[in-house]
Novice: 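After the C-alpha cells below, expect a handful of questions from me.
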Amino acid sequence: MASARSLVIEIAAGNERGKVLTMRDEEKAKEDDSPSAKRSKFERFPLTRWELAAALGVFLVFSTGLFCIYLTMPAADYGKLKVPRSISDLRLLKDNLATYVSEYPAQFILGYCSTYIFMQTFMIPGTIFMSLLAGALFGIVRGLFLVVFNATAGASSCFFLSKLIGRPLVNWLWPEKMRFFQAEIAKRKEKLLNYMLFLRVTPTLPNLFINLASPIVDIPFHIFFLATLLGLIPASYITVKIISGILYLNCDIYSSILHRLAGLALGDLKSVKDLYDFKTLSVLFLIGSISIFPTLLKRKRIYE
C-alpha cells in the first residue's frame with residue numbers, strides 16, 4: 001500500500017512539474033513574439049568575433065597602405081582638401097587642386113585611385129563625388145577612364161571582402177532583397193552576363209547591394225568583373241560629361257548640347273540627384289534593355 005501511495009504521489013508531482021514547464025514554455029514563446037524580443041533579435045550583430053576580426057584586419061591593411069601613399073605625396077594645404085559632399089564643395093575642391101594636379105599629376109592620380117578604391121571597398125559614401133571630381137579635373141576621356149577603372153577595382157575588392165565575411169551581413173541587412181536576387185540569378189544562369197549588365201547599367205538594384213550579394217549567390221567573378229567594367233560606362237560617361245561642361249565649358253552651345261543629351265540645363269544642376277532626371281534614367285534603361293534582348297529573343301524562340 002505504501003509503495004502504491006508513493007507511486008501515485010510521484011505521478012502527481014510529475015504532472016505538476018509538467019504543467020509548470022508548459023506554462024514557462026508558453027510564457028517564453030509569448031516573450032519571443034513580443035515586439036521588444038523581435039527588435040532585440042534584429043539588432044543582434046550578425047558577424048562572429050572571427051569575422052569581425054577579419055574585417056578589421058582587412059580594413060587596417062588598406063588603411064595602412066593608404067596612409068603610406070599619402071606620406072609619399074608632395075606637401076599640400078590639407079586644410080582645403082576634403083571629400084566633396086555637394087556641387088559647391090566640388091567647385092572649391094577643383095579650384096584648390098588645379099595647381100597641385102598640374103605640378104604633380106602622377107602622385108595625385110595615385111592618391112586619387114587609392115582613395116576611390118578604399119571608399120568603394122568599404123562602402124564609404126561619397127564615391128559619386130569622386131567620379132565628379134575626375135571629370136572636373138581631367139576632362140571627359142581621362143575622367144571616364146579613371147572612374148570606370150576605380151569603380152571596377154573597388155567593386156572587385158568589395159566582392160572578395162563580401163566573399164570572406166559578407167553572407168551573414170547581407171542576409172541581416174536585406175533579407176527580402178537577397179531572396180529576390182537569388183531567385184532571379186537562379187532563373188538566368190544561362191544568360192547571366194546579360195542580366196548582370198542590365199543591373200549595372202540601370203538603377204534597378206543599388207551597386208552597393210550588387211557588390212556585396214554577388215559572391216553570396218555564386219556569381220562567377222569573371223562575369224561580375226566584365227559586367228561591372230562594361231555596365232558602368234554609360235552612367236559614368238553621363239556624369240563625367242556633364243560635370244566637365246559645368247566646370248570647363250560652361251557656355252551656351254555646350255549647355256544646349258548637354259541639355260539634349262541629359263535633359264537638364266547645366267545652370268539648373270544644384271545637387272547630384274539632378275544628374276539623373278527622367279530622361280537620363282530612360283536612356284540608361286534603354287541601354288540596359290539592349291543587354292537583355294538576346295535572352296528575351298531566345299525565350300520567344302523556345303516558346304514558338
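Residue numbers run from 1 in the order of the sequence given. Only a predicted model underlies this, so the values are computations on that prediction, with no experimental measurement involved.
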Novice: Check whether Leu192 and Leu232 end up in the same hydrophobic cluster, where Ile, Leu, Val, Met, Phe, Trp and Tyr are linked by side-chain heavy atoms less than 4.5 Å apart.
Specialist: no
Novice: Does Leu137 share a hydrophobic cluster with Ile128, counting links as ILVMFWY side-chain heavy atoms below 4.5 Å and allowing steps through other members?
Specialist: yes
Novice: Can you classify the ring geometry of Phe209 versus Trp174 as parallel (below 30°), tilted (30 to 60°) or perpendicular (above 60°)?
Specialist: perpendicular
Novice: Atom CG in Asp218, atom NZ in Lys163: separation rounded to 0.5 Å?
Specialist: 8.0 Å
Novice: Is it true that, when you exclude Phe149 itself, more than 12 heavy atoms of the residues, nucleotides or ligands shown sit nearer than 6.0 Å to its CZ?
Specialist: no
Novice: State, to 0.1 Å, how close Val217 and Met178 come at their nearest heavy-atom pair, and which atoms those are.
Specialist: CG1-CE, 3.4 Å
Novice: Can you tell me how far the CD1 atom of Ile109 sits from the OH atom of Tyr104, to the nearest 0.5 Å?
Specialist: 15.0 Å
Novice: State which residues pass side chain to side chain contact (heavy atoms under 4.5 Å, CB included) with Phe145; sequence neighbours excluded, sorted by chain then number.
Specialist: none
Novice: Should Val170 and Met196 be counted in the same cluster of Ile, Leu, Val, Met, Phe, Trp and Tyr side chains packed under 4.5 Å apart?
Specialist: yes
Novice: For a 4.5 angstrom cut-off between non-hydrogen side-chain atoms, does Leu193 reach Leu226?
Specialist: yes
Novice: Hey, could you give me the CG/CD1 distance between Leu56 and Ile165, rounded to the nearest 0.5 Å?
Specialist: 8.5 Å
Novice: Can you tell me how far CZ of Phe180 sits from CD1 of Ile185, rounded to the nearest 0.5 angstrom?
Specialist: 9.5 Å
Novice: Indicate the atoms forming the closest heavy-atom contact of Leu197 with Ala227, along with that distance.
Specialist: CD2-O, 3.8 Å
Novice: Compare every heavy atom of Leu146 with every heavy atom of Ala134, then report the nearest pair and how far apart it is.
Specialist: CB-CB, 4.5 Å
Novice: Apply side chain to side chain contact (heavy atoms under 4.5 Å, CB included) to the pair Ser131 and Val240, showing each step before the final yes or no.
Specialist: CA-CA 7 Å; Ser131 300; Val240 171; 5.6 Å; no
Novice: Please name the pair of heavy atoms, one in Leu161 and one in Thr121, separated by the smallest distance, quoted to 0.1 Å.
Specialist: CD2-O, 3.9 Å
Novice: Hey, do the aromatic rings of Tyr116 and Phe129 have their centres closer than 6.0 Å?
Specialist: no
Novice: One pair to check against side chain to side chain contact (heavy atoms under 4.5 Å, CB included): Val101 and Tyr112. What are the steps and the verdict?
Specialist: CA-CA 11 Å; Val101 173; Tyr112 172 87; over 6 Å; no
Novice: List the steps and the verdict of side chain to side chain contact (heavy atoms under 4.5 Å, CB included) for Gln120 and Asn150.
Specialist: CA-CA 8 Å; Gln120 188 91 333; Asn150 287 300; over 6 Å; no
Novice: Do the non-hydrogen side-chain atoms of Ser162 and Ile216 ever get within less than 4.5 Å of each other?
Specialist: yes
Novice: For Phe160, enumerate each residue passing the ring pair (Phe, Tyr, Trp, His ring centres under 6.0 Å) test, keeping only those at least two apart in sequence or located in another chain.
Specialist: Phe221
Novice: Heavy-atom count check: over 12 atoms from other residues, nucleotides or ligands less than 6.0 Å from Lys177 NZ?
Specialist: yes
Novice: Would you say the side chain of Cys158 lies within less than 4.5 Å of the side chain of Leu212, judging by non-hydrogen atoms?
Specialist: yes
Novice: Kindly compute the distance separating CG (Leu133) from NZ (Lys94), expressed to the nearest 0.5 Å.
Specialist: 10.5 Å
Novice: Without swapping roles, check the side chain of Thr152 against the backbone of Val148 for a donor-acceptor pair under 3.5 Å.
Specialist: yes
Novice: Do Tyr100 side-chain atoms and Pro74 backbone N/O form a donor-acceptor pair below 3.5 Å?
Specialist: yes
Novice: So, the side chain of Ser214 versus the backbone of Asn211: is there a donor-acceptor pair under 3.5 Å, distance only?
Specialist: no
Novice: Strictly distance-based, threshold 3.5 Å: is any side-chain N or O of Gln182 a donor or acceptor partner for the main-chain N or O of Arg179?
Specialist: no
Novice: According to the interplanar angle, ranging from 0 to 90°, do the rings of Phe224 and Phe159 count as parallel (below 30°), tilted (30 to 60°) or perpendicular (above 60°)?
Specialist: tilted
Novice: Quick one: closest heavy-atom pair of Pro168 and Glu51, and the distance?
Specialist: CG-OE1, 3.7 Å
Novice: Phe118 and ring pair (Phe, Tyr, Trp, His ring centres under 6.0 Å): which single residue from Tyr70, Phe67, Phe59 fits?
Specialist: Phe59
Novice: Hey, could you give me the CG/CD distance between Leu199 and Glu184, rounded to the nearest 0.5 Å?
Specialist: 8.5 Å
Novice: For Ile140, is there any backbone N or O sitting under 3.5 Å from a side-chain donor or acceptor partner on Tyr237?
Specialist: no
Novice: Looking only at heavy atoms, what is the nearest atom pair of Ala153 and Ile117, with distance?
Specialist: CB-CD1, 3.8 Å
Novice: Run the side chain to side chain contact (heavy atoms under 4.5 Å, CB included) test against Ile69 and tell me which residues pass, sequence neighbours left out.
Specialist: Leu110, Ser114
Novice: If hydrophobic clusters are built from ILVMFWY residues whose side chains come within less than 4.5 Å, do Met73 and Phe62 share one?
Specialist: yes
Novice: Treating Thr127 as the side-chain partner and Met130 as the backbone partner, does any N or O pair qualify as donor plus acceptor under 3.5 Å?
Specialist: no
Novice: Check whether any side-chain N or O of Thr202 sits under 3.5 Å from a backbone N or O of Phe198 as a donor-acceptor pair, and report yes or no.
Specialist: yes
Novice: Quick one: do Phe122 and Ser157 satisfy side chain to side chain contact (heavy atoms under 4.5 Å, CB included)? Show the steps, please.
Specialist: CA-CA 9 Å; Phe122 297 102; Ser157 184; over 6 Å; no
Novice: Flag yes if Ile210 and Leu173 sit in one hydrophobic cluster, no otherwise; membership is Ile, Leu, Val, Met, Phe, Trp, Tyr, and two members link when side-chain heavy atoms are under 4.5 Å apart.
Specialist: yes
